[in-house]
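Before any comments, here is the structure.
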Amino acid sequence: MGRGGGMGALPHSRAEMEPWADRVFGRLDANADGAVTGNELTILSQEPVASMGGGRLRALVSQSDANRDARVTREEFGAGALRAFDRMDANGDGQLSEEERPQAPAPQRPLNIPMPAPANPMPMPMPDASGG
């Protein structure tokens, strides 16, 4: 969840989660109809937001849809954010240590697939003394 398109870093404490969720919800609810829907989540899949935790935030929004109506209300998102925080807070102290916080994915390295050794090419026929 990290940083998400200027939405702010994931809070370190449970007490900060509700205001964070409220702020993020306000930014995601682009048409201000009181619910976040699929069209409003498109931004989370586009760069640079996607590489800053957009996928995690999109998953959080989707998992917050308690009544499965494809519309996440402010209340559903707030409750979902608190559930996510509680899952991350392994020791239950209301604080996220660096070890408990989501880690950025490792940069993808190009695949190093060994190529088979080239077959020995057939030798070119050499003209013989008769010219042929």
If you look at every heavy atom in [X] and [Y], which pair is closest and at what distance?
{"X": "Q63", "Y": "R87", "result": "OE1-NH2, 3.5 Å"}
{"X": "R56", "Y": "P102", "result": "NH1-CB, 3.6 Å"}
{"X": "N67", "Y": "D69", "result": "OD1-OD1, 2.9 Å"}
{"X": "E40", "Y": "L28", "result": "CB-O, 3.3 Å"}
{"X": "M17", "Y": "A81", "result": "CE-O, 3.3 Å"}
{"X": "R71", "Y": "A35", "result": "NH2-CB, 3.3 Å"}

Has [X] got a side-chain atom pairing as donor or acceptor with [Y]'s backbone, closer than 3.5 angstrom?
{"X": "E18", "Y": "A79", "result": "no"}
{"X": "D29", "Y": "G34", "result": "yes"}
{"X": "D89", "Y": "G94", "result": "yes"}
{"X": "E76", "Y": "T73", "result": "yes"}
{"X": "Q46", "Y": "I43", "result": "no"}

### Message
So, applying side-chain contact (heavy atoms from CB on, under 4.5 Å) with V24, which one of L57, L60, V61 is it?
### Response
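The option that passes is L57.
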
### Reported CD-to-OG distance for the pair E75 and S64, which is rounded to 0.5 angstrom
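If we round to the nearest 0.5 Å, E75:CD and S64:OG are 12.0 Å apart.
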
### Spacing of N39 atom CG and N31 atom CG [to the nearest 0.5 Å]
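Between atom CG of N39 and atom CG of N31 there are 9.0 Å.
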
If the condition is salt bridge (charged side-chain N to carboxylate O under 4.0 Å, His left out), which residues does [X] pass it with, not counting sequence neighbours?
{"X": "R58", "value": "none"}
{"X": "D86", "value": "R14"}
{"X": "R74", "value": "D22"}

### Query
Just wondering, are more than 12 heavy atoms of other shown residues or ligands nearer than 6.0 Å to CD in E16?
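Yes, the 6.0 Å shell around CD holds more than 12 heavy atoms from other groups.
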
#### Entry: Heavy-atom check, side chain of M88 versus side chain of L10, under 4.5 Å
yes

#### Entry: Validation row: V36, F25 side chains within 4.5 angstrom (heavy atoms)
yes

### Query
After noting the C-alpha distance and the side-chain angles of R101 and H12, does the key distance pass the side-chain contact (heavy atoms from CB on, under 4.5 Å) rule?
CA-CA 8 Å; R101 295 173 71 74; H12 284 274; 3.5 Å; yes

